[in-house]
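Reading through the structure tokens given below for one structure.
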Amino acid sequence: MIDVLGYGYEALGEELNRLSKIYPFLQIASIGQSVMGRSLHALRIGHGSKEIHFNAAMHANEWITAPLLMQFVEDLACSYARGTAWQGRNVRRILSEYSLWVVPMVNPDGVELVLSGLPPEEHPFREALVAWNQGSLSFLNWKANIRGVDLNDQFPAHWEEEKLRREHDGPGERDYGGEVPLSEPEAAALARFTEFHDFELVVALHTQGREIYWNYRDYEPEDAETFAHKLALASGYEAVKLTGSDAGYKDWFIQQYRKPGYTVEVGYGVNPLPVETFASLYEELVPILLTALEYERGNVS
């Protein structure tokens with residue numbers, strides 16, 4: 001199992017390099033760069049015509065979702081290479097019909113801030129970060145990117161209403177959606193990446209609450225709720241109809257494409273969730289992701 005402790009941007013790069021050598025059928029790409037110039041890695045497994053997308057670590061203090069997603073990719077690749085079933089599923093058949101694209105760390109700068117703390121004196125945002133963090137030198141609660149913008153409040157899905165709803169009107173650890181939608185390179189890159197593909201379904205991994213959000217302002221397709229309950233049944237999570245929230249990635253995806261989009265809140269507790277819970281979190285998450293990977297439009301029961 002992945003060494004989760006301190007799983008930041010460098011660890012992700014090393015993991016991608018290792019997996020690409022073991023499993024040459026994996027396709028690794030970059031969808032853009034963060035504010036600080038870090039590559040936003042993407043990985044494809046499968047060669048089917050139907051495309052699915054999972055992403056993780058959009059919120060900095062929810063960084064544990066990145067190794068969770070990478071562990072899933074590794075186990076999926078291993079099963080594919082060996083030709084073995086995984087939890088009763090024929091992985092080779094699935095990946096002959098589907099292509100899974102993952103973006104495991106949407107917010108690498110924010111993740112590094114949470115894991116490593118206050119950056120060195122030469123860092124261009126050092127002083128601003130302390131001010132935005134109300135003078136605190138602890139960044140364990142930081143959700144935003146390095147410019148204090150919450151990436152999951154950045155998408156053009158009733159963004160203006162979300163901005164009015166939020167108490168935060170300037171950069172900070174959470175809930176500031178920026179001056180305009182997609183002002184941040186990480187959110188803009190994820191939107192461009194999504195527009196370039198024809199995803200059947202997307203899943204955004206967050207923590208915590210053991211809940212699955214499936215709707216958005218009645219833009220979702222008819223089978224979205226039924227499939228959410230199928231995901232919930234597989235995991236023991238609760239399918240939740242969320243209201244009073246806008247400008248998130250899955251909101252935008254549902255509004256833009258009228259296809260199913262899900263936010264999965266992994267685990268229980270206080271963010272960042274302790275690394276000691278990784279194995280149990282992974283056990284909960286695998287059935288959700290395997291079920292999502294087999295989504296077939298118009299054939300949900």
Side-chain angles (χ1 to χ4, degrees), residues 2-15 33-38 40 55-70 104-154 162-163 165-179 183-187 204-211 245 247-249 263 265-281:
I2 283 176
D3 183 4
V4 188
L5 191 63
Y7 193 97
Y9 178 74
E10 287 188 12
L12 173 62
E14 292 170 1
E15 188 73 8
Q33 291 187 327
S34 69
V35 171
M36 298 304 298
R38 293 184 171 98
L40 302 176
N55 65 59
M58 188 175 298
H59 283 148
N61 65 345
E62 300 170 10
W63 61 266
I64 202 168
T65 55
L68 284 168
L69 186 50
M70 288 302 296
M105 193 175 288
V106 178
N107 185 7
D109 299 344
V111 168
E112 288 301 305
L113 182 63
V114 171
L115 291 175
S116 302
L118 185 66
E121 291 186 5
E122 63 270 17
H123 193 284
F125 293 101
R126 178 185 166 100
E127 291 185 11
L129 283 165
V130 175
W132 296 335
N133 204 34
Q134 310 302 314
S136 173
L137 301 184
S138 172
F139 290 88
L140 289 178
N141 294 323
W142 193 268
K143 292 177 69 176
N145 76 346
I146 203 70
R147 289 201 289 226
V149 178
D150 191 320
L151 297 178
N152 209 37
D153 282 330
Q154 264 273 284
E162 183 72 5
K163 185 173 179 65
R165 184 185 298 117
R166 296 295 195 181
E167 296 178 1
H168 303 271
D169 58 359
E173 69 175 24
R174 59 182 294 153
D175 300 340
Y176 173 59
E179 289 304 306
S183 64
E184 303 309 292
E186 301 93 345
L205 298 183
H206 290 257
T207 58
Q208 45 76 44
R210 302 186 85 235
E211 294 179 329
S245 179
Y249 172 74
T263 297
E265 297 283 356
V266 183
Y268 273 137
V270 178
N271 293 327
L273 296 180
V275 296
E276 294 80 13
T277 64
F278 182 84
S280 61
L281 295 175

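Not measured: the values here are computed from a predicted model. Note that these values count all heavy atoms, side chains included, but never hydrogens, waters or copies made by symmetry.
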* For P272 against L140, the heavy-atom pair lying closest together -> CD-O, 3.3 Å
Please table the atom pairs, donor to acceptor, closer than 3.5 Å between any side-chain atom in residues 116-129 and protein atoms at least two apart or in another chain.
{"unit_1": "S116", "atom_1": "OG", "unit_2": "E112", "atom_2": "O", "d": "3.4"}
{"unit_1": "H123", "atom_1": "ND1", "unit_2": "F125", "atom_2": "N", "d": "3.1"}
{"unit_1": "R126", "atom_1": "NH1", "unit_2": "P119", "atom_2": "O", "d": "2.5"}

* What's the spacing between L273 CG and I64 CD1 if we round to 0.5 Å? -> 6.0 Å
* To do: Check salt bridge (charged side-chain N to carboxylate O under 4.0 Å, His left out) between E265 and all other residues, then give those that pass, not counting sequence neighbours.
  => none
* By side-chain hydrogen bond (donor to acceptor under 3.5 Å, both in side chains) - contacts of N145 (at least two apart) -> E184, E186
* **From CA spacing to verdict: side-chain contact (heavy atoms from CB on, under 4.5 Å), M36, R147** => CA-CA 10 Å; M36 298 304 298; R147 289 201 289 226; over 6 Å; no
* Structure fact -> Shortest non-hydrogen pair, A57 vs P104, comes out as CB-O, 3.7 Å
* Structure fact -> Applying side-chain hydrogen bond (donor to acceptor under 3.5 Å, both in side chains) to Y7 and not counting sequence neighbours gives none
* To do: Of all the heavy-atom pairs spanning D153 and D175, show the shortest one and how long it is.
  => OD2-CA, 3.5 Å
* salt bridge (charged side-chain N to carboxylate O under 4.0 Å, His left out) with R210: which residues, sequence neighbours excluded? -> E284
* **A187: side-chain contact (heavy atoms from CB on, under 4.5 Å) partners, not counting sequence neighbours** => L151, Q154, F155, L182
* Can you list the residues that meet the side-chain hydrogen bond (donor to acceptor under 3.5 Å, both in side chains) rule with N152, with sequence neighbours excluded? -> none
* Structure fact -> Closest heavy-atom pair, A144 versus G172, reported as atoms and distance to 0.1 Å, is CB-O, 3.4 Å
* Ignoring hydrogens and geometry, is there a side-chain-to-backbone donor-acceptor pair from D109 to V35 under 3.5 Å? -> yes
* side-chain hydrogen bond (donor to acceptor under 3.5 Å, both in side chains) partners of T65, counting only residues at least two apart -> none
* Asked: Yes or no on side-chain contact (heavy atoms from CB on, under 4.5 Å) for S34 and L40, after CA distance, side-chain angles and deciding distance?
  -> CA-CA 7 Å; S34 69; L40 302 176; 4.3 Å; yes
* Asked: So, for M105 and A66, which heavy atoms are closest and what is the spacing to 0.1 Å?
  -> CE-CB, 4.0 Å
* **Test side-chain contact (heavy atoms from CB on, under 4.5 Å) applied to E173 - qualifying residues, sequence neighbours left out** => N133, N141, W142
* Asked: How long is the span from the CE atom in M70 to the CD1 atom in I2, to the nearest 0.5 Å?
  -> 6.0 Å
* Asked: Quick one: which of M58, E162, H59 gives a side-chain contact (heavy atoms from CB on, under 4.5 Å) with D150?
  -> H59
* **Listed partners of L115 passing side-chain contact (heavy atoms from CB on, under 4.5 Å), at least two apart** => W63, V111
* Tell me, please, which residues at least two apart from Y9 pass ring-ring contact (aromatic ring centres under 6.0 Å, His included). => H41
* Structure fact -> In terms of heavy-atom contacts, G178 and S183 come closest through CA-OG, 4.4 Å
